[in-house]
Amino acid sequence: GHASEARLYAEDPVHDFRPSTGRLHAFSLPGGEGVRVETGVREGDVITSHYDPMLAKLIAFGPSRQSARRRLIAALERALVAGPKTNLAFLHALLQDEDVARGTLDTELIERKRKALAGPTLDPRAVATGVKAHLGHIRREIERRRAGFSNETHSPWSASDGFQLGPPRVLSLPVRVDGKEKTVALSWRDGGLTVALRDGESGTFVEAEPLSGAAILHLDNATLVLDGPRQTEIRWPDHAGEAPQGDGPNEGMLHAPLAGRVAELHVVPGDRVARGAPLLTIEAMKMEHVLHAPHDGVVDRVHVEVGAQVADGQLLIRIGEDGDARGGDGEGGHAEGNTRADAPAGEGAPS
């Protein structure tokens, strides 16, 4: 017979397979005929940066290679994992790739098809489902609190149909989808709620159909939509202490993309760096991750030291424009430094 194994990791395929941490709010890997599951974690466990990010192995076997592959695909479709980002959807897509199905494999297959295998960064149907579910969850919580101090069973404040005199109600609402800010348009017509997302090319709002059969998981301040192997997180923006994103005056702020330990610093305040130059190395989950300069400039401040534990989103380094750096003491002037475009990235560290 034949056997095939898939290794489930807490990592983000969309962002260079970066390890992911957090609590496993849901974790169910059903077996079945011809399927073996090996794991050392369970629902409720916290995945930290101190250990290997592998969560489980799923092994399927059958009389032929194709039967083993199909069984493994079905096992991944039945899996339910929520919390840290995982490669579950990536594995599912990889096993269905035509070259993998035919067995015509090579060492560059994943890199060549990486974008397609990682899947779309945003599924409008999942966003619409999550927004509606999150609003419903908030409404139920408000109604539960209202019932605690009022015995009125038919309060007008309990209505959720968006009724108003005049045209239908339309509300523009900022949301965070998998950590990125998006804007949705909510409209109430005939007592029902519809969700539209802004199209990236035209800038207009396009109505999105909700998913049918998706699993919904409500956390304290977020809603997770589980559509087969794919997970989408919806939450309202929390601007307090939030790491700046995108271009603008904060583009020189380098924040930690994951929790870990500072293994090496490649620059000091006053160093001139070119875009892409290595700045520091973070060690997490038995891997080293080199962070690079987002643009040319001068290192203004280094907020961490070697050996320090950093949290996801923590400010690490500030890079100013030439002439804008203040040096290590922040009292004006800047020290001359060497260009670090070719500084070593650390032995064995990925570029």
Checklist entry - Sequence neighbours excluded, which residues qualify as side-chain contact (heavy atoms from CB on, under 4.5 Å) partners of T183? => result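 So T183 forms a side-chain contact (heavy atoms from CB on, under 4.5 Å) with S172, R198, F205.
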
So, for [X] and [Y], which heavy atoms are closest and what is the spacing to 0.1 Å?
X    : Y    : answer
T232 : A126 : OG1-CB, 3.5 Å
A256 : A311 : CB-O, 3.4 Å
G62  : R71  : CA-NH1, 3.8 Å

Can you confirm whether [X] is buried at [atom1], in the sense that more than 12 heavy atoms of other residues, nucleotides or ligands lie under 6.0 Å from that atom?
X    : atom1 : answer
E38  : CD    : yes
R42  : CZ    : no
K182 : NZ    : no
R65  : CZ    : yes

Next on the checklist: Checking K113 against D97 for the salt bridge (Lys or Arg N to Asp or Glu O under 4.0 Å) test, could you report, in this order, the C-alpha distance in whole Å, the side-chain angles of both residues, the deciding distance, and whether it holds?
Outcome noted: CA-CA 9 Å; K113 302 187 176 186; D97 178 79; 2.9 Å; yes

Checklist entry - Quick one: does S20's side chain get under 4.5 Å of E11's, heavy atoms only? => result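 In short, these two side chains do not touch, never coming nearer than 4.5 Å.
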
Item to check | Pairing of R18 and D16 as salt bridge, 4.0 angstrom limit | outcome: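 Here R18 does not pair with D16 in a salt bridge, since their nearest N and O are not under 4.0 Å apart.
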
Treating Ile, Leu, Val, Met, Phe, Trp and Tyr as nodes and any side-chain heavy-atom pair under 4.5 angstrom as an edge, say whether [X] and [Y] lie in one connected cluster.
X    : Y    : answer
L197 : W188 : yes
V131 : L226 : no
V195 : I234 : yes

Checklist entry - Where does the angle between the aromatic ring planes of H218 and H137 fall among parallel (under 30°), tilted (30 to 60°) and perpendicular (over 60°)? => result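 Judged by the thresholds at 30° and 60°, the geometry between H218 and H137 is parallel.
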
Checklist entry - Among R144, R140, R145, which residue meets the side chain to side chain contact (heavy atoms under 4.5 Å, CB included) test with I142? => result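 The passing option is R145.
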
Checklist entry - Hey, would you say the F17 and Y9 ring centroids sit under 6.0 Å apart? => result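 No: the rings miss the under 6.0 Å criterion.
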
Mind listing the side-chain donor-acceptor pairs of residues 22-32 below 3.5 Å, one per line with the distance, residues two or more places apart or on another chain?
{"residue": "R23", "atom": "NH1", "partner": "G44", "partner atom": "O", "Å": "2.7"}

